[in-house]
Amino acid sequence: MKISREWLQTYFDTPLPSAEEIGHALTFHAFEIESVESVKPQDGHGAGNDILDVKVTPNRGHDCLSYRGIAKEVSAILNISLKDDVGLRKSHMEPRTNVVSVHIENPELCARYVAGYIKGVKVGPSPKWLVDRLAAMGQHSINNVVDATNYVMFNIGQPLHAFDAGKLKENNGYSIVVRTAKNGEKIVALDEKEFALKDSMLIIVDGNSDEPIGIAGVKGGMPAGISEATKDIIIESANFNGISVRKTAQALKLRTDASQRFEQQISPELAGYGMRAAAELINEFAGGELVGFVDEYPAPQQKKTVSVSLEKINKVLGTQLTQTDIEDAFTRLGAPPRWQGSTLTLEVPFERLDLNPPAGGPEDLVEEVGRIVGYDKVPAVELPPFEGEVEINANFCAAEHAREELVAKGYSEVVTSVFADKGERVVANKVDGVKPYLRATLTDGLKEAFDRNNRNKDLLGLDEIRLFEIGTIWKGGKEVILLGTIDKRGAKEIALKTETAVAYNDLATSHTDRYQPFSKYPAIVRDIALWVPTGTSADEVESVLVHHAGDLLVKHWKFDEFAKGDKISYAFRLVFQSFDRTLFDGDANERMESIYTAINEKSWEVR
Amino acid sequence: MEKTKTKAMPNCPTGHIHPISSLIREANQIFSKMGFTFAEGPLIEDEWHNFDALNVPKDHPARDMQDTFFIKDEEGMVLRTHTSNVQIRYMEEQIKKGNQPPYRIIVPGKVFRNEATDMTHEAEFFQLEGLAVGEDVSLANLKGTLARFFKELFSAKGGSASGEKDINVEIRFRPSFFPFTEPSVEVDMRVVGENAPEKLRDRWIEMMGAGMVHPNVLKNAGVDAGKYQGFAFGMGLDRLAMLRWGIDDVRLMHSADLRFVNQF
């Protein structure tokens, strides 16, 4: 989530440190920071701003896809107190109204629905500070009503929606119904796109006309959209089931700021605070008369407590924290613990759905202590010697044995893809659609690898390509590991036999320091044979050749040598290649000419 | 770009093992000295071992179509998305045999993600899983174990006693989230000291995800989560190889190109 430093500051009296410091604090105690962007003031005057892109982890989507959530984290980590709990001042839903009725047909998909009825608003532009704050979130200002609902969503994490009551059917008041859609039912969303709905999707309908006016938790509908002409509005602050919203958003390919928040499952308690905050802001920006609220909340969220002992925390973290250290961490998180002996109990803040007894209650608290105190306080301690016995893996022994044998015979190990164009088992959903089968043999992959490498034989300095692979195949309903080999005589594959051993052999591993990128362009090969006087070493000849062959020479070796009378004949193979282009014969000829010249100067004799 | 060094051809060329094999060999040498058993498991896995038992809920986004390869006409079977399936399989098997913890295993092996490939992403790649369970295996032990592993890995020269360089490795944790661990951490590593490889020296590098095994995972495998606790980690071997040898394209691992393999 994007976090504007200026907006975050509204939660604190004390000036916040720099964006970098906030970023550092979050990185080591809460969340990864994707980026920090510095924004210059628009008109060149006033203060600039910084935007942190915070990667909220899935377990904290309940509370931290909001300024309030991030402010609570920053407060705990940096130990600076929050102003007061901004945004959450009131949650009682008074006064009540019966002008609007709310009926939830599927309470398992909608835990709470609060509607607020405001009459006589004046829809218009938003104040500059609001336009600026939404701009910091990458949002365009729409109008003062819609902007107010979006502001509350970013500020405290509760998505809201505003309907134009004038566009709803009136029949002794207004009626909002939350129900699943009928297959084939359609809605035109606020973005003017039409969506075909399915019976798995939860929607909001005008109860008096049965017309869909919103896709629950995803997007509002055109039929009741807010316009300049809107006078009376109904605000929705609801709680929808995360899984249902995620599936709907996915099926409609319509992921919104609202659906993203519901997908993570938020507390139904938040709906009350959200409604209050939005109603106040709308009243401030657009006037009107708050007629009242309707609150359908069949099963209010129960308060939870969670406990853990000091010993458990230290045992899991491997630390020696004191009761004071731990008390401090939780107090900073806004959840001061009660102690009973060395066991602490705390009341879980309503929005922290992640602190979830009994699923992982104590571990949840251990993690809270660990990250707030800081993982740098966890020492590095090696494990004590193992009391048990290290089992020797028979398959690995066999594979290692095969590797040693084959490498000694000049075979190199390759790894080829398990995906193939034929086989017994098939992947149902391969992204690229290519080669969806799982191989039933290593041979096909090895043949292909052999042919490709064969073209580079000279470049590799090999007389013959020899390859092997130890890999998994699927055949006859079984998953087996085979050893496949290939050389110019053909390909073979056999089952890898297991080998029992009492210990692993201490085999050599790669001595290579750095990998050297290789050219993707073809190479040109030239052979040269020459007579030199007895006593002239191959090394001396080689160094002359290398010197005059220049930078394009990538590989060379002596392939022949014999003596005749007072002369020796050496033959070398030279391989030329460029990193930037395909070489032509002319390039190689030019290099060879300068080699011939050098040889003449030495009074050696090209054969 | 650096040029390939001109090398004379050896008279009788021996072959080369794949860099991933070399790395697994080396990891096993280091970890077996620390008491870890090399364990393995199937590549086609059921959803219980790949997801459910690892505390990944049914509706977790990771189980969606785009990340996981599902096997056609085989209900609930997937290409494993991590080596963590072997955590469950190993512990189940030990409990069945009547062996209570301590357990220490590493699981090097191939894993799959259903995504488009590029220089840093492959649909099939290698992971090294680690699991240590005991009465008091702690997060501090995770730090110590990984520090020792990387120190030996980056000090060693070809596994022989000769020419070892003395370096130091620091491990840093950052908070993270995985369904199968709590606390969950991202692990950064920094190689320090004069003998550290120049390209790595003093730089924090993100290495893996890790954490303390979630009690639900222990329970699901039949281990008494009230009595035992432990750590688990999963690091990408392709990435480790790329880092160690300066390899610039992950696709080289599966290229079967000897211009690549024969450099190791």
Side-chain angles (χ1 to χ4, degrees), chain A residues 27-28 30 57-59 243 315-318 360 363 366-367 370-371 375 378-383 386-388 390-391 393 396 403 407-408 410-417 425-429 431 449 453 456 460-461 472 479 507-512 514-518 553-554 557 579, chain B residues 1-2 4 6 8-9 13-19 21-22 25-26 32 35 37-38 42-44 59 65 69-72 102 104 114 116 124 136 138-141 143-145 147-148 158-159 171 173-175 177 182-183 212 214-215 229 245-248 254 256 258-259 261-264:
Chain A
T27 301
F28 290 101
T57 50
N59 60 325
I243 294 165
K315 196 177 162 193
V316 172
L317 296 177
E363 284 70 25
V366 172
E367 180 162 63
R371 68 184 187 86
Y375 290 121
V378 173
V381 180
E382 281 190 24
L383 286 165
F386 191 55
E387 310 155 24
V390 177
E391 300 158 50
N393 184 313
F396 184 58
R403 278 186 189 101
V407 164
Y411 289 79
S412 281
E413 184 180 22
V414 295
V415 179
T416 65
S417 176
R425 297 169 95 169
V426 197
V427 165
N429 61 327
V431 158
N453 281 301
N456 296 325
L460 292 160
T472 305
E479 183 176 301
L507 301 173
T509 53
S510 176
H511 282 65
T512 301
R514 298 294 288 176
Y515 155 77
Q516 305 290 337
F518 54 83
L553 182 71
V554 290
W557 66 92
F579 252 97
Chain B
M1 200 173 265
E2 287 175 82
T4 310
T6 297
M9 183 188 170
T14 56
H16 298 258
I17 68 168
H18 195 277
S21 295
S22 178
R25 181 178 284 182
E26 206 165 342
S32 66
T37 288
F38 184 131
L43 306 192
I44 292 186
D59 288 293
M65 298 295 279
F69 288 114
F70 289 91
I71 308 297
K72 199 175 169 186
R104 286 183 200 175
N114 196 4
E124 44 190 317
D136 43 22
S138 70
L139 200 65
N141 291 139
K143 229 183 209 180
T145 302
R148 162 101 180 262
I171 297 290
F173 292 159
R174 285 175 288 118
F177 171 75
E182 188 169 34
M212 294 299 288
H214 196 287
Q229 60 180 47
W245 288 299
I247 298 162
D248 55 359
H254 278 82
L258 295 191
R259 288 175 295 180
V261 172
N262 284 7
Q263 291 194 30
F264 299 93

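Only heavy atoms go into these numbers, but all of them, side chains included; no hydrogens, no water, no symmetry mates. Just so it is clear: chains get the letters A, B, ... in the order the sequence lines come, proteins before strands, and each one is counted from 1.
Residues A:L460 and B:R259 are in side-chain contact: their nearest non-hydrogen atoms beyond the backbone lie under 4.5 Å apart. Looking only at side-chain heavy atoms (C-beta outward), A:S510 and B:W245 come within less than 4.5 Å of each other. Residues B:Q229 and A:K315 form a side-chain contact, since some pair of their non-hydrogen atoms from C-beta on lies under 4.5 Å apart. A heavy-atom distance below 4.5 Å is not found between the side chains of A:V415 and B:S21. Using a 4.5 Å cut-off on side-chain heavy atoms (C-beta onward), B:E182 and A:V366 make no contact. Residues A:V414 and B:L258 meet the side-chain proximity criterion, which asks for heavy atoms closer than 4.5 Å.
A:L383 touches chain B through backbone and side chain together, each having a heavy atom under 4.5 Å away. Looking at A:T472, only its side chain comes within 4.5 Å of chain B, counting heavy atoms on both sides. Using a 4.5 Å cut-off between heavy atoms, B:D136 contacts chain A through both its backbone and its side chain. Neither the backbone nor the side chain of B:I171 has a heavy atom closer than 4.5 Å to any heavy atom of chain A. Proximity to chain B (any heavy atom under 4.5 Å) is restricted, for A:N453, to the side chain, taken from C-beta onward. Interface remark: A:Y411 contributes backbone atoms only to the contact with chain B (heavy atom separation under 4.5 Å).
Between A:L317 atom CG and B:N141 atom CG the span is 11.5 Å, to the nearest 0.5 Å. A distance of 12.5 Å separates CZ in B:F264 from CD in A:E413, rounded to the nearest 0.5 Å.
For the set B:I17, B:T37, B:T145, the count of heavy-atom pairs under 4.5 angstrom toward chain A peaks at B:T37. Ranked by non-hydrogen atom pairs under 4.5 Å with chain A, the options B:G144, B:A147, B:A140 are led by B:A140. Heavy-atom pairs under 4.5 Å with chain B peak, among A:R371, A:E391, A:E387, at A:E391. Put simply, of A:N456, A:V427, A:V381, A:V426, the one with the most heavy-atom pairs under 4.5 Å next to chain B is A:V381. Here B:G35 is the residue among B:G35, B:P19, B:S32 with the most heavy-atom pairs under 4.5 Å with chain A. When the candidates B:R174, B:R25, B:H16, B:H18 are compared by the number of heavy-atom contacts under 4.5 Å with chain A, B:R25 comes out ahead. Counting heavy-atom pairs closer than 4.5 Å to chain B, the top-ranked of the candidates A:E382, A:R403, A:R425, A:R514 is A:R514. Counting heavy-atom pairs closer than 4.5 Å to chain A, the top-ranked of the candidates B:M212, B:R148, B:E124 is B:E124. Listed options A:N393, A:T57, A:T416, A:T27 were ranked by heavy-atom pairs under 4.5 angstrom with chain B; first place goes to A:N393.
The backbone N or O of A:N429 sits less than 3.5 Å from a side-chain atom of B:N114, completing a donor-acceptor pair. Although no hydrogens or angles enter the test, the distance criterion places no donor-acceptor pair under 3.5 Å between the side chain of B:Q263 and the main chain of A:T512. Looking at A:E479, its side chain does come within 3.5 Å of a backbone N or O of B:I44 through a donor-acceptor pair.
Between A:S412 and B:N262 the shortest heavy-atom distance is OG-OD1, 2.8 Å. The minimum heavy-atom distance between A:Y375 and B:P183, with the atom names listed, is OH-CB, 3.4 Å.
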